Novice: 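First, the structure itself, so that you have it in front of you.
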Amino acid sequence: MGVGGWLKSMTDYDTPKQIRIQSVTCGCLQSFLYATIALAICCIVIKYRLHQEVDEVNSSIRTSVKGVVDASNRIWDTAEYTISMQAVNSFFVMTNMIKTENQLEQECPEYPSAKSICSSDQSCKKGSVDVHSHGILTGRCVRYNTAVKTCEVRAWCPVESMETPPEPAVLRSSEDFTVLIKNNIHFPKFNDTVLNIPPILNTSCTYNKKTSPLCPIFRLGDILKEANQNFSEVAVKGGIIAIEINWDCNLDRWFYDCSPKYSFRRLDDKKITPGFHFRYARYYKLPDGKEQRTLFKVYGIRFDVLVFGTGRKFDAIELIKNVGSMISYFGLVVTIMELLIRIGQCASCGKSPFYKIYNRRKYEILPFSRQVIYVSYVDEPYVTLIQKPLKTSLQHTEGTIVESHPVKFCDADSCCNSEFNENHDNEQYELRQPLREGAHSPDSRKWCFCGKCQPTEKYHEQLCCRRKEGQCITTTHSFQQLVLCSDTLKKALLYKYPFLILTDANINKELRHFAYKQYIHWSFGSFDLEDRAVVPNCCRWKIRDTYPKAINNYIGFNVE
Ligand code: ZN
Ligand code: ZN
C-alpha cells in the first residue's frame, strides 16, 4: 500500500461485520448476559465506591488526662502520673513505680546478683564495668548486708534495688482516670477539615462502644477492657495500648458521613517481656553543695493514638475511568455465546444445518496464496477454490468449497443478479493462443461432460461447464439471452459506459469481453472472484464463435 492508500485508509471508518442469529433463546440469553454484566458493574461501582476520588487522612492529636488518686500516702495528680513522651501521638500514665531516695555520687556495695557477689577483692577488677551494674568497680569486696558481700562500685548510692515492681500496683486505681482525645483531620485534596469532637460536647459523657460510640472521653479501665486486658494486671509492669481511630468519610453532600470509629488493642507482647517502664530522677542541692537525687523507676501504660482512614468524594473523571475499564466485561458475552455455539456444534457433530450455514456466513476464507483460481459448475451450488500449479486437468483437480460464497445459479431454479463490476480487466480473458479446433477427441471426453468443449493440451483450459453428464449451459435459452444476445450486451455496455461508441472495428471485441464478464457474474454470483474465475472451455468457445476476432489469433486464456 502506497502512502496515498495509507492516507486513504486513515480517513475511512471500518466497522466490524456482525451476524444476526434469529433465535429467541440466543437473543434472550444475550440480553440476560448483558443485563447481568451491567448489574455487576453497577454493584462493583457502588460497593467499592469507584465513582469517588480517594484522599488519605492527615491528622493531629491532642490528649488530656484527668484524675486524682491518693496512694502510698501521697496525692497523685495529673502532673505526677502523666509524663510527657518523646513520641508523637502518645501519652503515658504511670501505674506503678520503684523509688530510690537520697542518692549521692559515692562508693557503695553493688546490689547482690550472680555477677556482683564476691568473697575477696580478687573477684572485683578495679575500673571494670558491666552493662547490668550500677557503677564502676573500685576493686574492693565489701559487705552488702550481714549475709552477703558484693563488689564495691562508684555510683549513685545507695544503688537501686533490682526488685520486681510492687504488686498490686501503686496507682492501680488510675483505671478511673479519663482521657480526652482531640483529633483534627484534614483531606488536602478536598480541602476539608473534620474534628472528632461534636460542636456541642457533653463533657460528662464517657465512651461506650454501644451507647456512646462518638464520645471522645475515654475511661482508661474501659480502654483496657475493650482491648481484652485486665487493668490491674497490666498496671503492675505496664504495657502499650493502641487507640485506633478509623475515619471512613463520604464527603458527598447528599450522603455525608464522616465520623470516627474507635478500636483498641495491646501492642506489647503479653508473653515475651511484657510491660513498659523507664527511669527518671529529680535532683536537689544539699546545703554543702553536693547534688542529690531521687530515682524513680516508673511502670505505666503508654497509649499510642493511631489515626488512619480515607475520604471520598464524587468525581466524574474517576467514574468514567473506572466504568470505562469495566466496559470490556461486555466482551465476555460474545465469548460466552461463541462458546455455547461451539458446544452446540460439537454436540451435533457439526451435522446441524444451522451450524453449516453459521460457519459459512461467519468465516470468509481468503487464501493467502496468489496461486488460486475459482471454478463454478452449473450443476453444483457452490464455487470451488483450486490451488495451483495444476497436476492434471482443471476439471479433475480437487479443490475446496468456498463456504461463504454468495448465491450463484445452478441447475435448480436459483437465480443470480447480474450487476456489473467496474474494474474488469478485459485483457485477462483474451485467448492468447489458438485452440485446436475439430471434432471431440477421446482426450476431451475425459474431462468434458457437456459434449461442447474443445480439446486442449493445457490443464487450466480443461474445464467443462458441468460436473456430471448433462446439457451444456451454452445450449440453453438463458445463456443465449443473458450472455450471448448482442442486444442484451449492448444495452448493458451502454448502461455502464453511456458514451461508448461501438464501431465495426471494436464492437466484437467489446461484446466478447463483456460476454465473459456476464458469464462470470452469472455463474459465480460474485464480483470479488472476477480476476481469478475461470470461464469453462465450452462457454469460451461459444462466446468466441459468436463474436470472433477479425483475424483468428486468439492468444489463449490467461489465469496466471
Ligand atoms: Zn464440456
Ligand atoms: Zn458445456
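One is the number of the first residue; the rest follow in order along the sequence. What you see is a predicted model, and the numbers here were worked out from it, not measured in a lab. Values below: all heavy atoms of this structure, side chains included; hydrogens, waters and symmetry mates excluded. When a ligand or atom number is given, it counts from 1 through the structure's own listing order.
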Novice: Taking both backbone and side chain into account, is any N, O or S atom of Cys472 nearer than 2.8 Å to the Zn ion (ligand 2)?
Specialist: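 Checking the Zn ion (ligand 2) against Cys472, an N, O or S atom does fall under 2.8 Å.
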Novice: Using the ring of each side chain (for Trp, its six-membered ring), is Phe190 parallel, tilted or perpendicular to Phe187, with breaks at 30° and 60°?
Specialist: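 If you compare the ring of Phe190 with that of Phe187, the planes turn out tilted.
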Novice: Check the side chains of Asn196 and Tyr262 for a donor-acceptor pair under 3.5 angstrom, ignoring hydrogens and angles.
Specialist: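 On atom types as modelled, these side chains qualify, holding a pair under 3.5 Å.
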Novice: Using the Zn ion (ligand 2) as the apex, give the angle to atoms SG (Cys538) and SG (Cys465), rounded to 10 degrees.
Specialist: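 Rounded to 10°, it measures 100°.
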Novice: Should the ring pair Phe264 and Phe218 be called parallel, tilted or perpendicular, given that the plane angle runs from 0 to 90° and is split at 30 and 60?
Specialist: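 Rings of Phe264 and Phe218: perpendicular, as their planes differ by over 60°.
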Novice: Can you tell which of Thr310, Asp315, Asn322, Asp252 makes a side chain to side chain donor-acceptor pair (under 3.5 Å) with Gln52?
Specialist: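 With Gln52 as partner, side chain to side chain donor-acceptor pair (under 3.5 Å) holds for just one option, Asp252.
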Novice: In terms of the angle between their ring planes, are Phe314 and His51 parallel, tilted or perpendicular, with boundaries placed at 30° and 60°?
Specialist: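 Phe314 vs His51 ring planes: tilted.
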Novice: Measure from the Zn ion (ligand 1) to each N, O or S atom of Cys453 and report whether any distance is below 2.8 Å.
Specialist: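 It does; at least one qualifying atom falls short of 2.8 Å.
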Novice: Taking 2.8 Å as the cut-off, does Cys464 contribute an N, O or S atom near the Zn ion (ligand 1), distance below it?
Specialist: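 It does; at least one qualifying atom falls short of 2.8 Å.
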Novice: Can you tell me if Cys450 has an N, O or S atom under 2.8 Å away from the Zn ion (ligand 2)?
Specialist: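 Within the cut-off used here (under 2.8 Å), Cys450 does place an N, O or S atom near the Zn ion (ligand 2).
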